[in-house]
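What follows is a set of notes on a single structure, which appears directly below.
The basis for the numbers below is simple: all heavy atoms, side chains too, and nothing from hydrogens, waters or symmetry mates. Treat the numbers as computed from the prediction; the structure is a model and nothing was measured. Position 1 is the first residue of the sequence; numbering continues from there.
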Amino acid sequence: MTFETLNEVTLHYRYVSGEGTPIVFLNSLGTDFRIWDSVMDHISVKAPVLCIDKRGHGLSDDGPITMGALVGDVGALMDQHDMKDALICGVSVGGLIAQGLAATRPDLVAGLTLCCTGAKIGDANGWNARIQTVESQGIAPMADAVLERWFSEGFRTKNPSDLAGYRNMLIRTSAAGYAGVCAAIRDSDFTDQARRITVPTYCIAGANDLATPPALVQALAGMIKGARYEELDNCGHLPSIEQPAATARAISRLYETLK
């Protein structure tokens with residue numbers, strides 16, 4: 001386990017040294033960076049790789065949580081490892097953070113893989129209701145509903161042990177951290193910034209995603225000049241778990257264009 005204190009919070013991360021264009025993985029709400037493990041197993045390039053537990057998730061501190069702080073943490077950790085011109089791969093809120101990084105630190109971003117995300121995700125009423133539930137009752141009461149949005153029905157039926165494990169990951173997330181990231185998502189709209197993205201971008205949707213439906217991801221791809229869009233069958237909100245090989249292929253295709 002590796003930790004670094006930056007921006008007055010201690011962040012848990014994984015760094016793998018290598019050569020060539022770096023790759024940075026940014027995880028979703030209620031998960032930690034282990035959701036990218038199977039994708040990394042399918043990527044053959046020996047690039048420098050950085051995976052991060054954002055504030056309030058995994059083994060990182062809660063700290064004050066805003067989208068600006070989440071973006072700033074990624075930039076600071078990349079600076080710490082002298083990583084520039086990287087391929088940033090983000091899922092859900094990780095995709096929002098990736099868009100924020102492209103807007104504020106273009107020196108760090110050579111390409112984007114944006115999975116199951118949008119320029120804006122959800123509405124204030126929905127996020128406020130979720131925040132209220134977490135603050136008053138914790139994450140557990142809504143865990144089953146979240147898992148239905150994360151995974152396709154086929155995955156949930158065929159993989160009960162995996163489903164139980166991912167439920168543990170979700171409910172063991174800090175309630176304060178979860179609520180804080182919900183608020184950061186609620187308050188973020190990258191529509192204008194998305195239209196200014198010029199780096200090569202690959203947008204991936206899950207055909208069975210109830211959290212960020214394919215239409216939302218396709219709309220994001222339409223905002224970004226030259227962005228490629230792909231929809232994965234039999235896949236919910238977390239393609240790195242349900243379709244790691246297909247996700248890795250998409251990342252590798254984009255990576256090849258950045259060499």
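Between the CD1 atom in Ile185 and the CG atom in Leu29 there is a gap of 5.0 Å [rounded to 0.5 Å]. The CD atom of Gln193 lies 11.0 Å from the CE atom of Met223; values are rounded to the nearest 0.5 Å. Here the OH-CD1 distance, from Tyr202 to Ile224, works out to 14.0 Å after rounding to the nearest 0.5 Å. Atom CD of Gln99 sits about 7.5 Å away from atom CG of Leu112, to the nearest 0.5 Å. Rounding to the nearest 0.5 Å gives a distance of 12.5 Å between NE2 of His42 and CG of Asp37. The OG1 atom of Thr21 sits 10.0 Å away from the CE atom of Met83 when rounded to the nearest 0.5 Å.
Between Cys116 and Gly206, the closest heavy-atom pair is SG-N, 3.7 Å. Heavy atoms only, all atoms of each residue included: Cys115 and Trp36 are closest at SG-CH2, 4.5 Å. Residues Ala119 and Ala194 approach most closely at CB-CB, 4.5 Å, considering heavy atoms. When all heavy atoms of Pro244 and Ser38 are compared, the pair lying nearest together is CB-CB, 3.6 Å. The two atoms that bring Ala184 and Ser188 nearest to each other are O-OG, 2.6 Å, heavy atoms only. Nearest approach of Gly63 to Val9, heavy atoms of both residues: CA-CG1, 3.9 Å.
Asp79 places a side-chain heavy atom less than 4.5 Å from the side chain of Leu108. Side-chain contact check for Ile121 versus Trp127: some heavy-atom pair is nearer than 4.5 Å. In this structure, Glu19 and Lys46 have side chains that are not in contact, with every pair of non-hydrogen atoms separated by 4.5 Å or more. For the pair Met142 and Gln137, the minimum side-chain heavy-atom distance is 4.5 Å or more. Residues Pro48 and Ile23 have side chains not in contact (no heavy-atom distance under 4.5 Å, counting atoms from C-beta outward). Side-chain atoms of Tyr15 and Leu77, non-hydrogen and from C-beta on, never get closer than 4.5 Å to each other. The shortest distance between side-chain heavy atoms of Ile204 and Tyr229 does not fall below 4.5 Å. A heavy-atom distance below 4.5 Å is not found between the side chains of Lys84 and Met78.
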Q: Could you go through the salt bridge (Lys or Arg N to Asp or Glu O under 4.0 Å) check for Arg14 and Asp53 one step at a time?
A: CA-CA 9 Å; Arg14 176 192 295 154; Asp53 281 348; over 6 Å; no

Q) Taking it one step at a time, do Met40 and Phe25 satisfy side-chain contact (heavy atoms from CB on, under 4.5 Å)? A) CA-CA 10 Å; Met40 292 174 65; Phe25 290 103; 3.8 Å; yes

Q) side-chain contact (heavy atoms from CB on, under 4.5 Å) between Leu238 and Tyr166: does it pass, once the steps are laid out? A) CA-CA 11 Å; Leu238 300 178; Tyr166 289 116; 6.0 Å; no

Q: Go through the steps to decide whether Phe3 and Tyr13 satisfy the test ring pair (Phe, Tyr, Trp, His ring centres under 6.0 Å), and finish with yes or no.
A: CA-CA 6 Å; Phe3 299 90; Tyr13 69 95; 8.2 Å; no

Q: Starting from the C-alpha separation in whole Å, work towards a yes-or-no answer on side-chain contact (heavy atoms from CB on, under 4.5 Å) for Leu163 and Leu147.
A: CA-CA 8 Å; Leu163 193 67; Leu147 292 172; 4.2 Å; yes

Q) Is there a side-chain contact (heavy atoms from CB on, under 4.5 Å) between Arg156 and Glu148 once you walk through the steps? A) CA-CA 8 Å; Arg156 298 195 310 272; Glu148 289 181 2; 4.0 Å; yes

**Q.** Asp32/Lys54 under salt bridge (Lys or Arg N to Asp or Glu O under 4.0 Å): CA gap, chis, key distance, verdict
**A.** CA-CA 8 Å; Asp32 61 43; Lys54 61 184 165 292; over 6 Å; no

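Counting non-hydrogen atoms of other residues, nucleotides and ligands closer than 6.0 Å to CZ of Arg253 gives a total above 12. By the 6.0 Å contact criterion, CD on Glu8 is open, its count of non-hydrogen atoms from other residues, nucleotides or ligands being 12 or less. For Glu231, the CD atom is densely surrounded, since the number of other residues' heavy atoms within 6.0 Å is greater than 12.
Asp209 has no carboxylate O lying under 4.0 Å from a charged side-chain N of Arg149, or vice versa, which leaves the two without a salt bridge.
Using a 3.5 Å distance cut-off with no hydrogens or angles, the side chains of Ser152 and Asn234 do not pair a donor with an acceptor. Side chain to side chain, Thr212 and His237 meet the donor-acceptor criterion of an N or O pair below 3.5 Å.
Just one of Thr66, Thr10, Asp61, Ile65 meets the side-chain contact (heavy atoms from CB on, under 4.5 Å) condition when paired with Arg55; it is Ile65. Here the options are Ile43, Leu232, Thr113, the test is side-chain contact (heavy atoms from CB on, under 4.5 Å), and the partner is Thr247; only Leu232 passes.
In the hydrophobic clustering of ILVMFWY residues, with side-chain heavy atoms under 4.5 Å counting as a link, Phe190 and Val217 come out apart. A continuous path of hydrophobic side-chain contacts links Ile88 to Val16 [ILVMFWY only; heavy atoms under 4.5 Å]. No single ILVMFWY cluster, assembled from side-chain heavy atoms under 4.5 Å apart, contains both Ile139 and Ile131. Residues Val71 and Leu11 do not share a hydrophobic cluster, clusters being chains of Ile/Leu/Val/Met/Phe/Trp/Tyr side chains in contact below 4.5 Å. In this structure, Val24 is a member of the same hydrophobic cluster as Leu70, with clusters built from ILVMFWY side-chain heavy atoms closer than 4.5 Å.
Phe33 has its ring centre less than 6.0 Å from the ring centre of His12.
A donor-acceptor pair under 3.5 Å links the side-chain atoms of Thr133 to the main chain of Ala129, judged by distance alone. Without hydrogens or angle criteria, Asp123 side chain to Gly126 main chain gives a donor-acceptor distance under 3.5 Å. The backbone N or O of Gly154 sits nowhere less than 3.5 Å from a side-chain atom of Thr157 that would complete a donor-acceptor pair. With Thr173 contributing its side chain and Leu170 its backbone, the two residues share a donor-acceptor pair below 3.5 Å. Without hydrogens or angle criteria, Thr31 side chain to Asn27 main chain gives no donor-acceptor distance under 3.5 Å.
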